[in-house]
Structures are given as structure tokens and as C-alpha cells.
Amino acid sequence: MQKVKIGFIGTGNMAQAIIHGMLKSRQYLPEQINLYDVDQEKCEKLAEQGMQALSSSSDVVKESNIIFLAVKPQNYSEVLQGVRTAATQEKLFVSIAAGISIPYIVRELGVNCPVVRVMPNTPLLIGKGATALCRADNVTDQQFQCVKEIFEASGETAVLTEDKMNAVIAVNGSSPAYVYLFAKAIIDYAVNQGIDAQAALQLTCKTLEGSAGMLKESGYTPDELIRMVSSPGGTTLKALEALEERGFYQALLEAMDRCTQRAEELGK
């Protein structure tokens, strides 16, 4: 059992998903987790499980070895200024906010503390997350492995350089929304054709799950898998023809590009 203390400033859905994974992995005990949120009710509910609800974000930094900054990007400046006096080079900060760079965090804290920047996604809530990570030069291998394992407890991880962290938001951070919109269209069509909504949902979810499995495990490229489904003169080719006419592929590329642009605009 690791002896480090893990702090969370902000205890929203993503923070709770990370905590759930940590506890489920049995590598951490509730009493190793320190919490602060402006919404004290959230902290109190978690404290009922044995975690430590502290009175300020500065206290979380003082009492923790690793501190997760689980607040919205627009609140970062205020939060970092509030913990500035408690930050030291021994404290490891983990940022999960879009667009917030490692140099910005170091600059706001006024100390060259180690920082890991991560981009998780909401499937973390059910233990099937996809998280991209990058690290500052002064993060030790042991520190980075510790953070990486925390996210691996709730899904899979990929290590990137920081210059790719804004672009990867479109790949894993925001992309569940594209998938949900795609699924909504399929289910809505099924219901309009008189198919039971629950049956449509079940078939759609299993199809998405199976298709993801084929992408990951079959060894075939996406283009090869498309061809495998597309019999000459068959129904799939007609469907793909309509998608091409409507610019489906290009629309997705543009959507991802706009996502990255917005991350750059939010960037600090």
C-alpha cells in the first residue's frame, strides 16, 4: 500500500472518477486522500467514506504529496494564486484542464515544482477511460509512474509531448460527444422505423463496442475494415455514399480542428 498523500482541489465528476479508480485498485486507502471543494457538501459526502475534507485548497497542498487540480480552466489563476505559499519543489501537481500548460502552472505557483498534464475523458467514470499524459522535465520516473498508474486503474493511457496535448483533446477528450451524436442518429432512425428504443440502444452499443474491438484487435486498418463490411453493390456502400455526399468525413475533421483551436484559445 503506497504511503503518499493524494490531494484533490475540486471534487467534481472527473475527480470522483479518478478517486473511484484509485480505491478500486486497492493501491490507496481513503485516508490517504485529501479533498477541498468550494461546494463543501461534495467533500462531506466523500469524507463519509474515510477521506479527509480540508478547509482550504492551501491545506490540501500542505498535506499532500501529489495534488490534482480538478477545477475549470477559468478558475486556474485564482486557485494557483491561492496555493502559491504552500507550493514547494517537492509537491507534484497534476492538471486535468484543457489548455492549461505546464509553464503556466509553474509560473503562477512561483516555484519550479514538478507538473504532469493529463487529458482524461468521461468514460473514466465507468473504468473505461482514455487518458493522455505528458510530464515536465523535473518529474521523476517514479512520480510519473505513480500518476500513470492512477489513470490506468480507470482505463488506458498514452504518453505524449506537451505540444500535442491541445490536439489530443479532439482525439479522446471531446470525442465521446461525437460518438454519442452518431449513436443518437442511429437510435433515432431505428425508433422512427418502429424498432423498440431499448432494442435499438442495445444493438447500437454492442455494435460500437464490437467495432472498437475490431479496430484494436483485428490487425486491420480502418480502411480495410470498411471494405470488409462493404459488399459490392450492397447496402453498406449506399450508406457510405450518402455519408460521402454529406461530407461526413470532412465534417469530423473540421470538428476536431475547431476543438483544437478552442483549446489553443483557452490555453495559458
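One-based numbering along the sequence shown. Heavy atoms only: backbone and side chains are in, while hydrogens, waters and symmetry mates are out.
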Under the 4.5 Å side-chain heavy-atom rule for ILVMFWY, direct or indirect, which residues accompany [X]?
{"X": "Leu215", "value": "Met214, Tyr220, Leu225, Met228"}
{"X": "Tyr189", "value": "none"}
{"X": "Ile195", "value": "none"}
{"X": "Ile9", "value": "Tyr36, Val38, Leu54, Val60, Val61, Ile67, Leu69, Val71, Tyr76, Val79, Leu80, Val83, Phe93, Ile100, Ile102, Tyr104, Ile105, Val106, Leu109, Val111, Val115"}

For this session: Evaluate the ring planes of Phe8 and Phe68, with Trp represented by its six-membered ring, and classify them as parallel (under 30°), tilted (30 to 60°) or perpendicular (over 60°).
Result: parallel

Output every pair passing side chain to side chain donor-acceptor pair (under 3.5 Å) with a member in [range], not counting sequence neighbours, ordered by first then second residue.
{"range": "residues 8-18", "value": "Thr11-Asp37"}
{"range": "residues 243-256", "value": "Glu254-Arg258"}
{"range": "residues 108-119", "value": "Ser77-Glu108, Gln81-Glu108, Arg117-Glu162, Arg117-Asn166"}

Closest heavy-atom contact between [X] and [Y]?
{"X": "Ala15", "Y": "Gly10", "result": "CB-O, 3.4 Å"}
{"X": "Cys134", "Y": "Val116", "result": "O-CG1, 3.3 Å"}
{"X": "Gly21", "Y": "Ala153", "result": "O-CB, 3.4 Å"}

Problem set entry | Candidates Glu149, Gln142, Lys148 - the one meeting side chain to side chain donor-acceptor pair (under 3.5 Å) with Gln145 | Glu149

State yes or no: do [X] and [Y] share one hydrophobic cluster built from I, L, V, M, F, W and Y residues joined by side-chain heavy-atom distances below 4.5 Å, directly or via other members?
{"X": "Val4", "Y": "Ile150", "value": "yes"}
{"X": "Val94", "Y": "Ile169", "value": "no"}
{"X": "Met14", "Y": "Val168", "value": "no"}
{"X": "Leu253", "Y": "Tyr178", "value": "no"}

Less than 4.5 Å apart, side chain to side chain, heavy atoms only: is that true for [X] and [Y]?
{"X": "Val147", "Y": "Gln143", "answer": "no"}
{"X": "Val171", "Y": "Met256", "answer": "yes"}
{"X": "Pro114", "Y": "Asn138", "answer": "yes"}
{"X": "Pro30", "Y": "Leu23", "answer": "yes"}
{"X": "Met165", "Y": "Met119", "answer": "yes"}
{"X": "Ile19", "Y": "Tyr28", "answer": "no"}

Around atom [atom1] of [X], are there more than 12 heavy atoms from other residues, nucleotides or ligands closer than 6.0 Å?
{"X": "Gln202", "atom1": "CD", "value": "no"}
{"X": "Gln74", "atom1": "CD", "value": "yes"}
{"X": "Asp137", "atom1": "CG", "value": "no"}

Hey, does the side chain of [X] reach the backbone of [Y] with a donor-acceptor pair shorter than 3.5 angstrom?
{"X": "Lys42", "Y": "Gly12", "result": "no"}
{"X": "Ser25", "Y": "Met22", "result": "yes"}
{"X": "Ser174", "Y": "Ala170", "result": "no"}

Please list every donor-acceptor pair under 3.5 Å in which a side-chain atom of residues 179-188 meets a protein atom from a residue at least two apart or in another chain.
{"from": "Lys184", "atom 1": "NZ", "to": "Asp188", "atom 2": "OD2", "distance (Å)": "2.7"}

Problem set entry | Inter- and intrachain pairs under salt bridge (Lys or Arg N to Asp or Glu O under 4.0 Å), touching residues 195-222, at least two apart | Glu156-Lys216, Lys206-Glu209

For this session: Output every pair passing salt bridge (Lys or Arg N to Asp or Glu O under 4.0 Å) with a member in residues 67-84, not counting sequence neighbours, ordered by first then second residue.
Result: none

For this session: Apply salt bridge (Lys or Arg N to Asp or Glu O under 4.0 Å) to Glu265 and list each qualifying residue two or more places apart in sequence or on a separate chain.
Result: Arg262

Looking at [atom1] of [X] and [atom2] of [Y], how far apart are the two atoms once the value is rounded to the nearest 0.5 Å?
{"X": "Asn34", "Y": "Met51", "atom1": "CG", "atom2": "CE", "result": "11.0 Å"}
{"X": "Thr235", "Y": "Lys238", "atom1": "OG1", "atom2": "NZ", "result": "11.0 Å"}
{"X": "Glu241", "Y": "Ser230", "atom1": "CD", "atom2": "OG", "result": "11.5 Å"}
{"X": "Glu152", "Y": "Leu133", "atom1": "CD", "atom2": "CG", "result": "8.5 Å"}
{"X": "Gln32", "Y": "Lys3", "atom1": "CD", "atom2": "NZ", "result": "7.0 Å"}
{"X": "Ile226", "Y": "Leu237", "atom1": "CD1", "atom2": "CG", "result": "10.5 Å"}

For this session: Verify whether one side chain among Thr161 and Asp163 offers a donor that lies under 3.5 Å from an acceptor in the other.
Result: yes

Return all side-chain donor-acceptor pairs below 3.5 angstrom for residues 120-129, not counting sequence neighbours, or 'none' if the list is empty.
{"from": "Asn121", "atom 1": "OD1", "to": "Ala130", "atom 2": "N", "distance (Å)": "3.0"}
{"from": "Asn121", "atom 1": "ND2", "to": "Asn172", "atom 2": "O", "distance (Å)": "3.1"}

For this session: Output, in order, the C-alpha distance, side-chain angles, deciding distance and verdict of salt bridge (Lys or Arg N to Asp or Glu O under 4.0 Å) for Lys45 and Glu48.
Result: CA-CA 5 Å; Lys45 286 182 179 178; Glu48 291 172 2; over 6 Å; no

